[in-house]
Number of protein chains: 2
Amino acid sequence: MTDPTRVLIIDDHPLFRRGLSQLLELARSFALVGEAASGQEGIELARRLDPDLILLDLNMTGMSGVETLSTLRDLGIESRIILVTVSNAPEDLVAAIRAGADGYILKDNEPDEMLALIDAAMHGRTAISPELTSLLATALREERIVEQRSQVALTERETAILKYLAAGMSNKLIARELDIMEGTVKVHIRNLLKKLKFRSRVEAAVWAVANGLS
Amino acid sequence: MTDPTRVLIIDDHPLFRRGLSQLLELARSFALVGEAASGQEGIELARRLDPDLILLDLNMTGMSGVETLSTLRDLGIESRIILVTVSNAPEDLVAAIRAGADGYILKDNEPDEMLALIDAAMHGRTAISPELTSLLATALREERIVEQRSQVALTERETAILKYLAAGMSNKLIARELDIMEGTVKVHIRNLLKKLKFRSRVEAAVWAVANGLS
DNA sequence: ACATAACTACCCATTAAGGGGTAGATCGCC
DNA sequence: GGCGATCTACCCCTTAATGGGTAGTTATGT
């Protein structure tokens, strides 16, 4: 048998730490090496212990779970990190995944299921409670709605000007480039902002760059 | 008991159509109203029959599954559409979800599981084979913009403000976000523009986005 | 104790950008 | 011919952004 997985638990609820550690004991292949009651303390311990797995509570007073996670990753901690939470809010999940979580488990999952998910995370997969899968899909789909901006019919001139905008050029420069009056450029900018529902050239430029219209 | 779910199957493999239809027969709550062996034929039938559910093969010769799906959605077909496939390639999955799929099921799933997923899709959830969940997470994570500290020495505040700039925000909004005066934001902007040798916030924002500074 | 850097806040000024309008020229289409 | 879309150009005005200055506070290191 291989060495047990060295686990650190970060949660400000003593009772839940207790529950988790008992669950891990049951599974026998885990060794609890540390417990922390706050993000700061958890970060300290993580640096000192370099555990294989960190179980991290999302909803903590003071430093939140996602903040703690970000800090851990910034510090170069490469442990598998699983967020344990009662929240099924999409934004929490997406934020956690983006911040580098390896898993996202609901506290009310069955113990069996939790162990299975933890196991999945330890084997390199991203472990997410099945109830949350559709949330991920929704998050992806919402980005698709943003893409509908690219479906809006810009005229040839507007598209050209958006490209110059995405290069960071001022109205004056664009006018010189296209050999038209600056006022005319303003008209086109005004129209394209309205069509794409942007409130400023900066928003439009940022969007264009991020969507490869450079 | 409610009316059976009216199903259309689009797949160019006769054998698999057969298998699917038998599976649905078993479940009793489905009525197969049409079968198509190609994307074109499927679109025809979908328009005529307006089924409740469309099971669509991803890997078809000629018109692909995703193409067919896009066309169906463009035509205003509002049936639940589940892609059935052998592919576990992330890009296929992401493309399908983006194109408006309500589900994505692997052909080698157990019949029980397939029925459960189809049922989930019919109840408004996005049904995705559990094996694919981590792919979705990965897709999301790759879009996570990693902060790349540039070699130029920006202060902490300037870096923070550059991020907001890269989000297209105005001085006023940034000030509100950071809870400082708009004039102070202007100072920081002025300083960072000078340090990075930009002539406008748009140039800075465009550069920041292109260089992955969220 | 002193110097420095960073953050804050305000003063001044000019230019850039955004939002509304009218209007002429050109082109394709019913 | 008339209609609508597009591109052009100008009018108006308000707001946003930029570039310069001084200056107080805090923290950090010499």
Side-chain angles (χ1 to χ4, degrees), chain A residues 40 43 63 67 71 74-75 148-211 213-214, chain B residues 147-211 213-214:
Chain A
Q40 288 83 355
I43 290 166
M63 198 172 188
E67 279 167 15
T71 307
D74 286 347
L75 291 173
Q148 285 173 354
R149 281 207 160 111
S150 26
Q151 305 299 318
V152 175
L154 288 189
T155 70
E156 199 176 331
R157 209 49 158 176
E158 287 160 357
T159 306
I161 286 185
L162 181 53
K163 280 184 190 167
Y164 289 114
L165 205 46
M169 290 167 68
S170 67
N171 292 338
K172 193 173 295 188
L173 280 175
I174 298 173
R176 201 175 300 160
E177 193 68 30
L178 294 176
D179 199 27
I180 55 179
M181 288 293 106
E182 184 186 343
T184 305
V185 176
K186 283 187 169 189
V187 174
H188 290 309
I189 298 260
R190 192 163 75 212
N191 292 337
L192 77 83
L193 287 183
K194 198 167 186 177
K195 280 186 184 174
L196 299 179
K197 297 197 171 62
F198 287 127
R199 284 171 304 179
S200 75
R201 70 197 293 106
V202 192
E203 282 187 2
V206 163
W207 173 83
V209 171
N211 289 273
L213 237 110
S214 57
Chain B
E147 178 183 344
Q148 274 180 319
R149 205 144 288 287
S150 156
Q151 45 286 353
V152 181
L154 287 189
T155 71
E156 197 178 328
R157 211 47 157 175
E158 287 161 357
T159 307
I161 287 186
L162 180 54
K163 281 186 193 171
Y164 289 116
L165 206 45
M169 289 166 69
S170 67
N171 292 339
K172 192 172 298 190
L173 281 176
I174 297 172
R176 200 173 303 159
E177 195 68 30
L178 295 177
D179 199 27
I180 56 179
M181 288 293 107
E182 184 185 345
T184 306
V185 175
K186 284 186 174 184
V187 174
H188 291 308
I189 296 260
R190 193 164 74 212
N191 294 336
L192 78 84
L193 287 182
K194 199 169 186 177
K195 279 186 185 173
L196 299 177
K197 296 198 172 67
F198 286 128
R199 286 170 301 178
S200 76
R201 71 199 289 107
V202 192
E203 282 187 3
V206 163
W207 174 85
V209 171
N211 288 273
L213 223 102
S214 93

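Chain identifiers are assigned alphabetically (A, B, ...) following the order of the sequence lines, protein sequences preceding nucleic acid strands; residue numbering begins at 1 within each chain. Below, each value reflects all heavy atoms present in this structure, side chains not excepted, and no hydrogens, waters or symmetry copies. Remember, it's a predicted structure, so these values are computed and weren't measured experimentally.
Side-chain contact between L162(A) and L196(A): present, with at least one pair of heavy atoms (C-beta onward) separated by less than 4.5 Å. Side-chain contact check for E158(B) versus T155(B): some heavy-atom pair is nearer than 4.5 Å.
For the residue pair V206(A) and L165(B), the shortest heavy atom distance occurs at CG2-O, 4.1 Å. Minimum heavy-atom separation, V202(A) to G168(B): CG1-CA, 3.8 Å. A208(B) approaches A166(B) most closely through the heavy-atom pair CB-CB, 3.7 Å.
Taking side-chain N and O atoms only, H188(A) has no distance below 4.0 Å to OP1 or OP2 of dT6(D).
The CG atom of D179(A) sits 10 Å away from the P atom of dT8(D) (whole-angstrom rounding). One interatomic measurement links the two molecules: CG of N191(B) to C1' of dC7(C), which rounds to 10 Å at whole-angstrom precision. Rounding to whole angstrom units, CD1 of residue I174(A) and P of dC7(D) are separated by 15 Å. When the P atom of dC7(C) is taken as reference, atom CZ of R157(B) falls 7 Å away, rounded to whole Å. Residue E156(A) contributes atom CD, which lies 10 Å from atom P of dT8(D) at whole-angstrom precision. One interatomic measurement links the two molecules: CD1 of I161(A) to C1' of dT8(D), which rounds to 11 Å at whole-angstrom precision.
Partners of F198(B) under the ring pair (Phe, Tyr, Trp, His ring centres under 6.0 Å) rule, at least two apart in sequence or in another chain, are W207(B). Qualifying side-chain hydrogen bond (donor to acceptor under 3.5 Å, both in side chains) partners for R199(A), counting only residues two or more places apart in sequence or in other chains: E203(A).
We find the CD-CD distance between Q40(A) and E67(A) to be 9.0 Å, quoted to the nearest 0.5 Å.
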Can you check nucleotides 3-5 of chain C for protein contacts, nitrogen or oxygen pairs under 3.5 Å, and list what you find?
none

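Taken over five-pair windows at either terminus, the axes of the helix from dA1(C)-dT30(D) to dC30(C)-dG1(D) are inclined to one another by 40° (rounded to 10 degrees).
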Tell me which donor-acceptor pairs under 3.5 Å the side chains of residues 171-193 of chain B have, and how far apart each pair is, sequence neighbours excluded?
unit_1, atom_1, unit_2, atom_2, d
N171(B), OD1, R201(B), NH1, 2.9
N171(B), OD1, R201(B), NH2, 3.0
N191(B), ND2, V187(B), O, 3.3

Q) Could you write nucleotides 13-26 of chain C as a row of B, S and -, 5' to 3', where a protein heavy atom under 4.0 Å of any base atom gives B, of only sugar-phosphate atoms gives S, and otherwise -? A) ---SBBBBB-----
